[in-house]
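Note that the structure is a prediction, hence the values are computed from the model and not measured. Throughout, a chain's letter reflects where its sequence line sits, starting with A, and its residues are numbered from 1.
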There are 2 protein chains.
Amino acid sequence: MARTKEFNEDQALDKAIEIFWHKGYNGTSAQDLVNHLGLSRSSLYDTFGDKQKLFVKSLKRYQKQNLDSLTELFENAENIKTALTEIFKQAVIESLQDRITKGCFMVNSAVELAMHDPEIAKIVHDNQKVVEDIFCNAVKKGQESGQISDRQDARSLARFIFNNYSGIRVLARAGEKDKQVYDDILKAIFSLF
Amino acid sequence: MARTKEFNEDQALDKAIEIFWHKGYNGTSAQDLVNHLGLSRSSLYDTFGDKQKLFVKSLKRYQKQNLDSLTELFENAENIKTALTEIFKQAVIESLQDRITKGCFMVNSAVELAMHDPEIAKIVHDNQKVVEDIFCNAVKKGQESGQISDRQDARSLARFIFNNYSGIRVLARAGEKDKQVYDDILKAIFSLF
DNA sequence: CTAATTCGGGAACGATTGTTCCGTATTTTC
DNA sequence: GAAAATACGGAACAATCGTTCCCGAATTAG
């Protein structure tokens, strides 16, 4: 009946993640999206509705990607403590190597939009809860196997980890490029485990 | 020669801080500023130049206010550890009580603008350095008097404190209203001191 | 090949953006 | 009291915003 789509929707979404992540929601214009996604205005609006819907879809996709890799990391980890250090070290590496540092798309969106868009607020809040649970279960496993100190209860530690992860992503977004700063923070964090 | 200003420039700046803090730079329109500051467009532009200049002036004023109160807090503090807990507890109280939570104007601006505006990036970076130094000196004093453990070096602890402060402000901005979440994080943080 | 369908480029929409300009009112100095 | 100076309100600016619409081109099924 009709012709098939000439572009891959998921690939377009990945492009949208890039530009929204870099410029933020309010900082990204419709023209920016047309330029960066390589689609015409009409195709863009026909496919995704409007800018807000496209943003929500992008953020949800980003969230899924991150949660999947986080879950996988802990599933395959022999040592929980090592896995946790790996997560933070990876964040530091990204912060240092990216010529333009984008921080964390979820954190950026939380700061820019959570107050003003209930739909974004829900995504942010859900994400926080899920990530916290993943951390919490990991910490519990680590404590049972004696890899992590049980002086702190797991839930408290999980929230603490999440908080420091946010902080580091803000630091990266702010353009911090001094490795020593990150290393100092990590040293303090891991003295707790 | 000429008539005097009918409004107080600092009061206007405080109003500008409020609206920029709440809505962000890109989210605040010229009309928003006119409505909120109670000035005419012409007075606004005559006095402050343009939107970017007004924003910079607002952010600098906010920074000065916060640095002053931070410095004063540590100067008058008998116990450094107590002073540190006070800072965090105050942040938590603000996060919980504000009907609309604005987080920290500096953190918000860092996330939204540091990548795209070198002038903002410099303010953010300067602020980070100064706050870090204040924390560092406070920690040193606390360690010398035995109020704070010296298992961690002062610089590292200062950066760690700064990082968690950022994290908590993001959490607040994201709308977290569960006191237990903040308390858990604080408990973990202060187990390090 | 024909008919149905939908793609995608580009023009165009009204609304809003940040900014400028002008005219009047007001105030101050001499 | 006259003259100089500036604050102020509001109209107006061009540019850009997000969004819609139209139309020829392309692709599919029968």
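Of all the heavy atoms in A:Q31 and A:R41, the pair that sits closest is OE1-NH1, 2.6 Å. Between A:T28 and A:G24, the shortest heavy-atom contact is OG1-O, 2.6 Å.
Toward the 5′ end of DNA chain C lies the nearest nucleotide of A:L39, the other residue of the pair A:L39 and B:Y45 mapping further downstream. Comparing A:S42 and A:T28 against DNA chain D, the residue whose closest nucleotide sits nearer the 5' end is A:T28.
Computed from coordinates, the A:Q31 CD to C:dA12 P distance equals 16 Å when rounded to whole Å. Atom pair A:L37:CG and C:dG8:C1' shows a separation of 14 Å (rounding to whole Å applied). Taking atom CG on B:D46 and atom P on C:dT20, their separation rounds to 10 Å, with Å as the unit. Regarding A:K51, its NZ atom lies at a distance of 12 Å from the P atom of C:dT17, rounded to whole Å. Here the P atom of nucleotide C:dT17 and the CG atom of B:L54 are 16 Å apart, to the nearest Å. If you measure from atom CG of A:D50 to atom P of D:dC17, you get 16 Å, rounded to the nearest angstrom. In this entry the distance linking NZ of A:K53 with P of D:dG18 reads 15 Å, nearest Å. Protein atom CG of A:L33 is 11 Å distant from nucleotide atom P of D:dC17, rounded to whole Å.
Using cut-offs of 30° and 60° on the angle between ring planes, the pair A:Y25 and A:F20 is parallel. Relative orientation of the B:F193 and B:F160 rings is perpendicular, given thresholds of 30° and 60° on the angle between their planes.
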Could you run down the sub-3.5 Å N/O contacts of the protein with nucleotides 12-14 of chain D?
none

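For B:F190 and B:F88, the gap between ring centers is short of 6.0 Å.
For the pair A:S29 and D:dC17, the criterion of a side-chain N or O lying under 4.0 Å from OP1 or OP2 is met. A close approach under 4.0 Å does occur between a side-chain nitrogen or oxygen of A:S40 and OP1 or OP2 of C:dG9.
A salt bridge links B:E9 to B:K57: one of the charged nitrogens lies within less than 4.0 Å of a carboxylate oxygen.
Residue A:T101 forms a side chain to side chain donor-acceptor pair (under 3.5 Å) with just one option from A:K177, A:E176, A:H22, and that option is A:K177.
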